[in-house]
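The structure that follows is given in the form of structure tokens.
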Amino acid sequence: MSPRAYDVIIVGAGIVGAACAAECAKEGMRVAVVESSCVGGGATAAGMGHIVVMDDSDAQFALTRYSQCLWDQLADDLPPECEFRRYGTIWIATDEEELDHLRRKEQFYRERHVPVEFLDERALAEAEPNLREGLRGGLLVPNDSVVYPPCAARFLLERARDRGAVIFVGRPVARLDEQGVTLRDGSFLPAGAIINATGTWAPELMPGLAIKKRKGHLAITDRYPGFVRHQLVEVGYLKSAHAHEASSIAFNIQPRPTGQLLIGSSRQYDVESSDVSHAVLARMLARACAYLPRLAELSIIRTWTGFRAATPDNLPLIGPLPGHEHLYLATGHEGLGITTSLGTAKLLIAHLLKRPPAIPPEPYLPSRMESLTCVKSSL
Amino acid sequence: MRLQRFATEVLVIGAGPAGLAAGYTAVRSGRHAILVDENPAPGGQIWRGEWTTPRSSEAALWFDKVRRAPLTILTGIRVIAEVAERTLLGEDQQTAYEFRYKTLILATGARERFLPFPGWTLPNVMGAGGLQALVKMGFPIRGKRVVVAGTGPLLLAVAAYLRAHGARVLMIAEQAPLSRLLWLGRGLWRFPTKAWQALILRGRLFDVPYRSSCWPLSANGDGRLQSVTLQCGSRTREIPCDYLACGFHLVPNVELALLLRCEVREGCVRVNEFQETSRANIFCAGEPTGIGGVDLALVEGQIAGYAAAGRPEAARALFPQRDRWRRFASRLNRTFALRPELKKLPDAQTIVCRCEDVPRGRLEEYRSWREAKLHTRCGMGPCQGRICGPAVEFLFGWTMESIRPPIFPARVESLIASPEQGESVWR
Ligand SMILES: Cc1cc2nc3c(=O)[nH]c(=O)nc-3n(C[C@H](O)[C@H](O)[C@H](O)COP(=O)(O)OP(=O)(O)OC[C@H]3O[C@@H](n4cnc5c(N)ncnc54)[C@H](O)[C@@H]3O)c2cc1C
Ligand SMILES: Cc1cc2nc3c(=O)[nH]c(=O)nc-3n(C[C@H](O)[C@H](O)[C@H](O)COP(=O)(O)OP(=O)(O)OC[C@H]3O[C@@H](n4cnc5c(N)ncnc54)[C@H](O)[C@@H]3O)c2cc1C
């Protein structure tokens, strides 16, 4: 053990930092968490909280599947305000091309032992009566779930605190180096290892990091219990998630345990302002109405935006910063950080304790990114 | 979904005294103006329901002027969002409306402030102005025992109104101390209409006890209101009653101004001498610039109307009148400032946010509105903090940080009715 005050300092108390803190504290490390504003107030406050297994690459699958299983294990411990529900996801196909896509998706999951159920047109209509007629089919992934992210982050931090972690909120970190972190108020906290879990802010502490902000809009309705029963996503979603053009929209709607409906989603690069754009909002809602015509009559009570931390290859950065012994990264989770926070924490603790991880860590290593060399020189 | 489009030189939001005066002045100065209000008829709060049968000569005068002016008044339409530069979106039950303007005047008025105390969520505990509005719509109050409590001149107005409609008003409990009320009273002679109004009210209320330094501690009853316990000076007393009409003065409606990124300080929209906000071509008049009552609202509305129509000299001529009513307003607001004891009214179990059932005890550990909201859902319901926001601000000193469209719950179809859905706004 290092002679320093803390074995590990985690910068950022979003869902990722909170998960890392809980994991490190569980391993008996002396942990400090430093957060500039409030717990779960960054992207974690904006995200949909869909815990979802993805099939876009083997690496993405491995991390989301592993994480989803970890959420399942945690489920019984989550307090009611975390609003954890196993609603399942239904991926929806509107035409022949998307139906092929759906079949490939089904096969992908089956080969990897993820329970799925194919819904033909009728079964889909029975499962979700408010969907429009004439949709081609759906793929139900019953183990996917939803959670209320800020309270989940808080719960994880409280777990860490119960095991001795110290949590500083309202204390921005100004700099970090191999010895520890310097807060904006000038105080210095020494640590054996430092984890940068500041989401889209990560490049501020490690300039040159290949993280881009990707804006998203969401809207929430008043309470309409039972209007939809599963998280419904268009199967073409990945086209949107991976499109690297300036902006894209995909149908994505989630029932909340309150009876409300959370409607997504948009993706935009190169927008700094967090203002709600009416044009984007209108497009997103129109798209949702194309699937759920009766949605048009329901009331929206609020809209908001958030920023995803996007990397060039759509995979997060988890592991040591190349060329640094004590600096680690846990960021770049784009639109999946709520899901993958728990897997991220497991991978990081394996790095810290030099233990074999449960899934291959290579695809997420920061060292895969050439651009990181410029981070090295600037720190 | 139907979408109707309007374009005008001067768009006025709110058809209370301020908005009516602004719209009237603008058209009389040769501008094309449209007035939009969510209520079924013009009049705002004070002249609500009086469009066809005005109850005061002032209302009659203004309604008459407005009727004879070429002013387009669209009622029953709520303005909910900004869809593009100088373009607002509204909706009613069936239709969405788009309003393009050159100049905008915000005259969105004020709402009552509620403070939580044990039992305030019981049925038959109501807002004072809310109960008055209900009675204006025909709610039967005759013979009912009513206690009116809280603070502000509105309590007197409401009590007089309820009494005139047959209610047995048992008491008016005013939290402000007697010394303050006397100080206000001594200044009244300088404000003729106000003094006159106060006299009339007193005349109608002469046998109703008006207690100063008196406020509700709890509303009691099993599922329904049975009595109210009041702190009156150093004593407490319980009064059996059918209704408790409560209001703790007013808070400006600044949501639309905030949405349009106008500067708001200490809960009031900042304006220059011409009632222009921090954003060019957006003016604001009446209660949103600070609670000041109907007379101030009327002058501010006229000044904004003249300024919006490019007649600064005509506006300037009204400055002395406005100064006078502002002095009165500041006297009023100092008189009815909330006493710190009221912060102790809610106990740990008392609900603060009614939409989401959040009790005071759950808010205690947080440091900001946003943090409390994220972790407790306080202010996340359909009212979006309109009710609990001012209470939370008083109790904890937190101010709401962000306002997002729609400023009122709005139908999805209205939000997508916008023709601006195209790609052009994407950059
Ligand atoms: C619209 C939208 C929808 C989404 N939907 C989903 C979904 O359905 N499922 C899913 O799994 N994911 C979803 N996501 C993604 C998910 O929200 C994020 O990946 C996740 O919240 C990232 O968590 P984080 O802890 O890395 O970052 P954040 O939550 O942003 O946390 C970073 C923290 O670091 C703090 N910080 C920053 N700088 C400093 C500093 N200098 N010093 C101290 N602290 C600092 C910040 O204040 C912040 O609290 C969505 C995202 C968006 C925007
Ligand atoms: C509940 C209540 C009762 C009152 N009763 C009395 C009384 O009996 N006697 C008295 O002297 N004073 C009373 N007042 C005080 C009175 O409101 C003011 O002195 C005076 O009416 C101020 O005029 P105004 O034009 O600024 O605002 P208001 O009269 O409040 O007018 C504002 C108008 O704007 C409309 N509006 C607001 N936002 C929107 C939107 N987004 N879209 C469309 N329309 C919108 C509202 O519907 C309202 O009609 C009362 C105030 C309240 C809140």
Side-chain angles (χ1 to χ4, degrees), chain A residues 37-41 44-46 81 83 148-151 153-155 169-170 217-223 245-249 258 260-261 263 266 268 270-271 274-290 292-305, chain B residues 1 80-85 87-89 91 93-94 96 98 259 261 355-358 362 365-377 379-386 401-427:
Chain A
S37 70
C38 70
V39 173
T44 300
E81 65 269 18
E83 299 181 341
Y148 177 60
C151 286
R154 197 175 138 87
F155 164 78
V169 285
H217 283 69
L218 292 176
I220 193 150
T221 67
D222 206 341
R223 300 180 180 212
E245 69 252 29
S247 67
S248 61
I249 296 279
T258 53
Q260 293 172 286
L261 303 167
I263 306 168
S266 71
Q268 287 171 286
D270 304 320
V271 186
S274 63
D275 289 352
V276 171
S277 149
H278 184 78
V280 176
L281 179 68
R283 260 187 70 184
M284 192 176 86
L285 293 175
R287 183 128 189 122
C289 290
L292 294 160
R294 285 190 45 218
L295 185 68
E297 298 147 36
L298 309 187
S299 268
I300 296 293
I301 66 168
R302 192 174 172 88
T303 60
W304 66 90
T305 64
Chain B
M1 180 70 201
I80 52 176
E82 181 185 43
V83 292
E85 187 72 5
T87 310
L88 298 182
L89 181 70
E91 70 165 11
Q93 300 300 318
Q94 299 86 33
E98 190 191 273
L259 187 76
R261 301 171 297 284
C355 295
E356 299 290 338
D357 282 347
V358 185
R362 285 198 56 206
E365 64 184 287
Y366 299 99
R367 297 165 311 146
S368 73
W369 174 262
R370 183 170 144 78
E371 191 178 20
K373 175 175 165 173
L374 278 178
H375 293 285
T376 69
R377 303 188 53 86
M380 276 197 186
C383 96
Q384 286 289 302
R386 265 195 177 64
E401 284 154 37
S402 75
I403 179 94
R404 301 287 191 190
I407 55 169
F408 290 104
R411 286 192 312 281
V412 170
E413 58 188 351
S414 302
L415 293 167
I416 63 183
S418 165
E420 298 291 339
Q421 286 166 31
E423 306 297 312
S424 59
V425 196
W426 277 88
R427 272 165 295 253

- Query: Is there a side-chain contact between B:Met380 and A:Arg302 (heavy atoms, below 4.5 Å)?
  - Reply: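 No, every pair of side-chain atoms sits at 4.5 Å or beyond.
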- Query: If we only count heavy atoms from C-beta on, is the B:Phe408 to A:Ile300 side-chain gap below 4.5 Å?
  - Reply: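 In short, these two side chains do not touch, never coming nearer than 4.5 Å.
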- Query: If you draw a 6.0 Å radius around CD in B:Glu365, do more than 12 non-hydrogen atoms from other residues or ligands fall strictly inside?
  - Reply: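 Enclosed.
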- Query: Would you find a donor on one side and an acceptor on the other, under 3.5 Å apart, between the side chain of B:His375 and the backbone of A:Val39?
  - Reply: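 Answer holds: yes.
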- Query: Got a second to check how far B:Leu374's CG is from A:Arg154's CZ, nearest 0.5 Å?
  - Reply: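 Those atoms lie 11.0 Å apart.
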- Which bit of B:Cys383 comes within less than 4.5 Å of chain A, counting heavy atoms only: side chain, backbone, both or neither?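 For B:Cys383, neither part sits under 4.5 Å from chain A.
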- Item | Which atom of A:Ala45 lies closest to which atom of B:Arg370, heavy atoms considered |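 Scanning both residues completely, I find the closest heavy atoms to be CB-NH2, 3.9 Å.
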- Item | A:Cys151, part contacting chain B, at a heavy-atom distance under 4.5 Å |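 For A:Cys151, heavy atoms of backbone and side chain both lie under 4.5 Å from chain B.
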- Message: Quick check on B:Arg367: does its CZ atom have over 12 non-hydrogen neighbours (other residues, nucleotides or ligands) under 6.0 Å away?
- Response: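 Yes.
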- Item | Contacts of type ring-ring contact (aromatic ring centres under 6.0 Å, His included), residue A:His217, not counting sequence neighbours |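 If we apply the ring-ring contact (aromatic ring centres under 6.0 Å, His included) test to A:His217, skipping adjacent residues, there are no hits.
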- Side-chain heavy atoms of B:Lys373 within contact of A:Pro150, under 4.5 Å: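 Side-chain contact under 4.5 Å: no.
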- Item | Value rounded to 0.5 Å, distance of CZ in B:Arg404 from CG in A:Leu218 |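 So the CZ of B:Arg404 and the CG of A:Leu218 are separated by 11.0 Å.
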- Contact part of B:Glu371 toward chain A, heavy-atom cut-off under 4.5 Å: side chain, backbone, both or neither?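 The answer is both parts of B:Glu371.
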- Is the shortest heavy-atom distance from the side chain of B:Glu413 to the side chain of A:Leu285 under 4.5 Å?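 With C-beta onward as the side chain, the pair stays apart.
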- Query: Tell me, do B:Pro405 and A:Thr303 make a side-chain contact under 4.5 Å, heavy atoms counted?
  - Reply: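 Yes; the side chains approach each other to less than 4.5 Å.
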- Task: Determine whether A:Ile301 and B:Gln384 make a side-chain contact, defined as any pair of heavy atoms from C-beta on separated by less than 4.5 Å.
- Result: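 When only atoms from C-beta onward are counted, B:Gln384 and A:Ile301 do touch, with a gap below 4.5 Å.
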- Query: Is there side-chain contact between B:Pro409 and A:Asp222, with heavy atoms separated by less than 4.5 Å?
  - Reply: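 Of all side-chain heavy-atom pairs linking A:Asp222 with B:Pro409, none is under 4.5 Å.
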- Query: For A:Ser274, is it the side chain, the backbone, both, or neither that has a heavy atom closer than 4.5 Å to a heavy atom of chain B?
  - Reply: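 When you check distances to chain B, atoms from both the backbone and side chain of A:Ser274 fall under 4.5 Å.
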- Please round to the nearest 0.5 Å and tell me the distance separating atom CG of B:Leu88 and atom NE2 of A:His278.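 One finds 11.0 Å between CG of B:Leu88 and NE2 of A:His278.
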- Report the option among A:Glu81, A:Met284, A:Arg223 that has the most heavy-atom pairs separated by less than 4.5 Å from atoms of chain B.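 Ranked by heavy-atom pairs under 4.5 Å with chain B, first place is A:Arg223.
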